[in-house]
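Structure first, commentary second.
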Amino acid sequence: MRIGELARRTGVSERSLRYYEEQGLLTPRRRPSGYRVYGDADVAAVRRIRILLGAGLNTAQILEILPCIVDEDGWLTPECPELVDALRQQRNRIDEAIGELETTRANLDTIIGSEKAAVSRGTRPPS
DNA sequence: CTTCTAACA
DNA sequence: TGTTAGCA
């Protein structure tokens, strides 16, 4: 199939598919015309890529752990320790990000009169 | 009509 | 990432 069909079957834009290729995540073959040719396996590959991107990983990280993923029942199964490790690190980053957001939110509550700040300050009775 | 590359009011 | 121009 060509890029248009893969895009329709995955819901991913052609632009993104070409970008994934540029990042080494996809390696479609080319027709003499230069048109990219994808196989059915690429549909599953794109889905895996989307899931990983959704987990907050960037294309470089995905490129490293992609071979560690076992294509099983449409879900991802950590096959080698590298993947589990990369996922753990990503989880930790999220915790750190959450922590920073919580403090900046607290800072905002302090300088403006947000609902929560008002309640905790007792200036307005909780409903 | 579809895809390709390159570039950005 | 979207979008668009100019080709093939």
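Letters go in sequence order (proteins before strands), and every chain restarts at 1.
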Nearest-Å distance for atom pair CD/C1', residues A:Glu22 and B:dA7: 13 Å
Audit row: A:Glu96, A:Asn92, side chain to side chain donor-acceptor pair (under 3.5 Å) steps and yes/no: CA-CA 6 Å; A:Glu96 289 177 28; A:Asn92 289 332; over 6 Å; no
Just wondering, are more than 12 heavy atoms of other shown residues or ligands nearer than 6.0 Å to CZ in A:Arg30? yes
Within the structure, does a side-chain N or O atom of A:Arg36 lie under 4.0 Å from either OP1 or OP2 of B:dC4? yes
Let me know the distance between CG of A:Leu17 and P of B:dT2, rounded to the nearest Å. 16 Å
What is the pairing partner of C:dT1, taking Watson-Crick or G-U wobble pairs with both distances under 3.5 Å in any strand? none
A:Ser33 near the nucleic acid: base, sugar-phosphate alone, or nothing, with a heavy-atom cut-off under 4.0 Å? nothing
Could one point to a donor on the side chain of A:Tyr35 or the base of B:dT2 with an acceptor on the other under 3.5 Å away? yes
Among C:dT3, B:dT5, B:dT3, which is the nearest nucleotide to the side chain of A:Ile3? B:dT3
Any strand is fair game: report the nucleotide pairing with C:dC7 by Watson-Crick or G-U wobble, both distances under 3.5 Å, or none. none
Within the 4.0 Å heavy-atom criterion, would you say A:Tyr38 contacts the bases, only the backbone, or no part of the nucleic acid? nothing
So A:Glu22 and A:Arg18, salt bridge (charged side-chain N to carboxylate O under 4.0 Å, His left out) or not? Walk me through it. CA-CA 6 Å; A:Glu22 190 177 279; A:Arg18 297 194 183 99; over 6 Å; no
Contact class for A:Arg30 (heavy atom, under 4.0 Å): base, sugar-phosphate, or nothing? sugar-phosphate
Are A:Met1 and A:Val43 close enough, and set up right, to give a side-chain contact (heavy atoms from CB on, under 4.5 Å), and what steps lead you there? CA-CA 10 Å; A:Met1 75 186 92; A:Val43 175; 3.8 Å; yes
Length of the line joining A:Tyr19:OH and B:dA6:P, which is rounded to integer Å: 16 Å
Separation of atom CZ in A:Arg2 from atom P in C:dA8, rounded to whole Å: 18 Å
Pair assignment for B:dT3, Watson-Crick or G-U wobble, requiring both distances under 3.5 Å: none
Side-chain-base donor-acceptor pair under 3.5 Å for A:Arg15 and C:dT3: yes
Could you go step by step and tell me if A:Tyr20 and A:Leu53 meet the side-chain contact (heavy atoms from CB on, under 4.5 Å) rule? CA-CA 11 Å; A:Tyr20 297 158; A:Leu53 286 174; 3.4 Å; yes
How close or far is atom C1' of B:dT2 from atom CZ of A:Arg8, stated in whole angstroms? 11 Å
Separation of C:dT1 atom P from A:Glu21 atom CD, nearest Å, is 15 Å
Rounded to whole Å, the CZ-C1' distance (A:Arg18 to B:dC4) equals 6 Å
